[in-house]
**Student:** 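Quick one: the structure is below, and I'll ask about it shortly.
Treat the numbers as computed from the prediction; the structure is a model and nothing was measured. Just so you know, residue 1 is the first one in the sequence shown, and it goes up from there. Indexing begins at 1, ligand by ligand and atom by atom, following the structure's order.
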Amino acid sequence: MDDIIKQIKEIKDKAIEEIRKTANLDNIFMLEKKYLGRKGEIAKFSKMLKDLAQDQKPVVGKLINETKEAIVEIINEVKQAFDSASTPKLDLDLTLPSAGQEFAGVHPITYLKWKVEDIFAKLGFTVVDGWEVEDDWHNFTALNIPQWHPARDIQDTFYIKHKRDDDKKTLLRTHTSPLQIRSMLKKGVPLRIIAPGRVYRNEATDARHETTFWQVEGLYVDKGVSIDNLIAVLNKAIKMVLGKDVKIRWRPGYFPFVEPGVEIDIECLLCSGKGCGVCKDTGWLEFSGAGMVHPNVLKAVDIDPDIWSGYAFGFGLTRLAMLKWGIDDVRLFLSGDLRFLKQFKK
Ligand code: FA5
């Protein structure tokens with residue numbers, strides 16, 4: 001028995017010395033396991049108890065318990081010392097009222113996009129999404145604007161630098177119209193979609209023109225679609241988005257991918273049609289291009305124009321936002337100016 005007692009005392013001294021000397025908290029956890037763990041040093045002595053004589057068991061058992069308690073105590077002491085050393089002393093008054101938390105708001109264009117999507121969904125349109133980096137074929141050629149066509153000059157764009165100069169040349173899309181092509185190729189006909197998205201043009205900016213702006217493309221292809229359907233749907237949708245009756249002007253317009261083509265203007269709500277800097281004193285803001293899908297566009301995606309017909313439109317979501325909220329400069333949308341953006345926070 002004397003031998004066990006000696007061994008227990010030696011282990012106790014060794015444990016206490018090791019724990020005191022340790023320099024980091026991880027080691028403390030390791031030593032705790034080493035001495036007090038299920039298979040640790042102290043547990044070994046507990047297992048020996050059963051082989052001792054009856055009168056020796058309480059003496060050795062008591063010593064084991066005292067040793068455990070002494071080791072637990074020193075471990076706790078050292079842990080506490082580490083804790084208080086790692087807690088920085090801050091000059092902080094926790095009773096002060098909070099400075100308040102600011103939450104971000106939804107950008108007005110995003111809000112309007114959601115509204116437009118809801119309205120067109122109610123009118124039976126599916127919302128589709130596309131890429132902002134397009135290839136020349138989807139952005140121009142398939143839309144009846146071949147390489148040599150002068151209409152390419154109207155939508156000057158940002159080309160992605162590379163050596164090729166053919167249909168696979170990539171560029172930042174100049175309009176959402178490539179989604180007409182992509183949707184017909186992917187989904188076939190009949191088809192009724194809208195495609196909202198960001199587009200890019202290399203042009204001088206002014207109160208109505210940005211280099212980066214948003215459009216919403218619409219396409220409806222079926223049997224027997226007429227221009228009356230187009231006029232009815234757009235008149236209805238515009239009024240629903242703006243939440244009031246507005247004057248809408250339809251006039252002939254040229255886009256190579258529609259025939260006949262129209263341009264749609266909305267009375268300038270900033271000056272109630274009287275004429276101002278934003279509408280260039282005309283009283284109208286150009287809002288959308290539209291028309292009946294050109295047979296060449298249908299042929300480009302292997303759809304028979306003798307069976308199917310359709311209308312398409314592409315309106316400026318950014319222009320619509322200007323009209324809805326009376327914003328007199330398109331450049332405010334991307335300015336990142338919080339004084340502007342905060343006005344739209346719900
Ligand atoms: C087009 O982009 C055609 N893809 C529209 C279309 C689609 C016609 C389907 C026929 C069938 P346009 O370049 O006119 O057309 O642009 C359409 C609308 O985008 C304009 O009426 C205007 O509201 C808006 N827009 C055009 N350029 C800018 C710009 N730089 N900044 C802000 N909005 C613009």
Side-chain angles (χ1 to χ4, degrees), residues 109 112 116 125 130 134 138-140 142-145 149 151-158 171-184 191 193-221 225 227 229-231 233-234 238 241-242 248-269 278-280 282 284-294 296-298 309-324 327-334:
I109 296 289
L112 196 59
V116 165
F125 288 76
E134 258 302 352
H138 288 89
N139 196 84
F140 291 124
L143 286 164
N144 202 28
I145 317 176
H149 203 292
R152 284 190 175 222
D153 294 342
I154 306 168
Q155 296 187 3
D156 188 15
T157 188
F158 302 102
L171 48 98
L172 295 183
R173 66 179 177 188
T174 55
H175 51 177
T176 43
S177 299
L179 266 303
Q180 291 184 30
I181 302 300
R182 290 198 178 275
S183 304
M184 285 191 282
L191 180 74
I193 56 108
I194 60 157
R198 193 158 39 183
V199 301
Y200 304 84
R201 289 192 196 169
N202 179 18
E203 62 185 346
T205 58
D206 61 26
R208 285 172 307 159
H209 296 90
E210 251 293 11
T211 52
T212 304
F213 58 100
W214 282 259
Q215 286 189 336
V216 176
E217 195 74 12
L219 175 70
Y220 176 35
V221 181
V225 177
I227 201 156
N229 303 138
L230 167 68
I231 295 170
V233 162
L234 271 189
I238 293 168
V241 177
L242 293 176
I248 301 170
R249 182 170 78 173
W250 294 72
R251 59 191 165 87
Y254 174 69
F255 302 93
F257 35 97
V258 285
E259 182 56 41
V262 287
E263 295 223 33
I264 304 153
D265 304 323
I266 298 181
E267 184 185 48
C268 178
L269 301 177
V278 179
C279 62
K280 285 223 167 131
T282 61
W284 296 95
L285 265 183
E286 184 195 313
F287 165 69
S288 183
M292 299 306 289
V293 180
H294 196 289
N296 287 352
V297 174
L298 296 174
S309 58
Y311 65 71
F313 57 85
F315 66 78
L317 188 64
T318 314
R319 287 275 165 88
L320 195 58
M322 291 176 76
L323 286 163
K324 186 168 175 65
I327 295 160
D328 61 6
D329 196 326
V330 66
R331 291 164 291 197
L332 283 166
F333 289 106
L334 290 176

**Student:** Check if E263 has a non-hydrogen atom at a distance under 4.0 Å from any atom of ligand 1.
**Tutor:** no

**Student:** Do you know which of L191, V233, I193 makes side chain to side chain contact (heavy atoms under 4.5 Å, CB included) with F125?
**Tutor:** V233

**Student:** I need the minimum non-hydrogen distance between M322 and F333, along with the two atoms involved.
**Tutor:** CG-CE1, 3.8 Å

**Student:** What is the minimum heavy-atom distance between T174 and R201, and which atoms define it?
**Tutor:**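 Minimum heavy-atom contact is O-NE, 2.9 Å.
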
**Student:** Donor-acceptor pair, distance only, cut-off 3.5 Å: does the side chain of E259 make one with the backbone of H294?
**Tutor:**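 No: the side chain of E259 does not pair with the backbone of H294.
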
**Student:** Any atoms of ligand 1 less than 4.0 Å from a non-hydrogen atom of Q155? List them with their elements.
**Tutor:** 1 (C), 2 (O), 13 (O)

**Student:** What residue and atom, counting heavy atoms only, is the protein's closest point to atom 7 (C) of ligand 1, and at what distance?
**Tutor:**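 Result: G314 N, 3.2 Å.
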
**Student:** If I apply the N/O under 3.5 Å rule, does T174 come out as touching ligand 1?
**Tutor:** no

**Student:** Return the residue, atom name and 0.1 Å-rounded distance of the protein heavy atom closest to atom 31 (N) of ligand 1.
**Tutor:** E210 N, 3.1 Å

**Student:** Nearest non-hydrogen contact with atom 30 (N) of ligand 1 belongs to which option: E286, Q215, H209, E203?
**Tutor:** E203

**Student:** Rounded to the nearest 0.5 Å, what separates atom CD1 in I238 from atom CD1 in I266?
**Tutor:**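 Those atoms lie 4.0 Å apart.
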
**Student:** For A312, counting its heavy atoms only, list the atoms of ligand 1 lying under 4.0 Å from any of them.
**Tutor:** 9 (C), 11 (C)

**Student:** Can you list the atoms of ligand 1 that are under 4.0 Å from a heavy atom of R208?
**Tutor:** 31 (N), 32 (C)

**Student:** Identify the closest protein heavy atom to atom 24 (C) of ligand 1: which residue and atom is it, and at what distance?
**Tutor:** G316 CA, 3.8 Å

**Student:** Considering only NZ, NE, NH1 and NH2 on the basic side and carboxylate oxygens on the acidic side, decide whether R198 and E210 come within less than 4.0 Å.
**Tutor:** no

**Student:** Which protein heavy atom lies closest to atom 22 (C) of ligand 1, and at what distance to 0.1 Å?
**Tutor:**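 Sorting protein heavy atoms by distance from atom 22 (C) of ligand 1 puts R319 NH1, 3.4 Å first.
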
**Student:** Judged on heavy-atom distance to atom 3 (C) of ligand 1, which of F313, F257, F287 sits nearest?
**Tutor:** F257

**Student:** Who's closest to atom 33 (N) of ligand 1 heavy-atom-wise, of F333, F255, Y311, F213?
**Tutor:** F213

**Student:** Looking at ligand 1, would T318 count as a contact under a 4.0 Å heavy-atom criterion?
**Tutor:**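 False for this residue.
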
**Student:** Look at atom 2 (O) of ligand 1 and find which of M292, Q180, R201 reaches it with the closest heavy atom.
**Tutor:**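 Ranked by closest heavy atom to atom 2 (O) of ligand 1, first place is R201.
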
**Student:** To check your reading of the model: name the closest protein heavy atom to atom 8 (C) of ligand 1, its residue, and the distance in Å.
**Tutor:** G289 C, 3.3 Å

**Student:** Specify the closest pair of heavy atoms between H149 and P256, including all atoms of both residues, with the distance to one decimal.
**Tutor:** CE1-CG, 4.0 Å

**Student:** Hey, which of F255, F287, W250, Y254 is the one that makes side chain to side chain contact (heavy atoms under 4.5 Å, CB included) with E263?
**Tutor:** F255

**Student:** If you count the non-hydrogen atoms of other residues, nucleotides and ligands that lie under 6.0 Å from NZ in K324, is the total more than 12?
**Tutor:**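 Enclosed: over 12 neighbouring heavy atoms sit under 6.0 Å from NZ of K324.
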
**Student:** Quick one: pull up CD in E286 and NE2 in H209 and give me the separation to the nearest 0.5 Å.
**Tutor:** 6.5 Å

**Student:** Using a strict 4.0 Å cut-off to heavy atoms of S288, name the atoms of ligand 1 that fall inside it.
**Tutor:**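 This gives 21 (O) as the contact atoms.
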
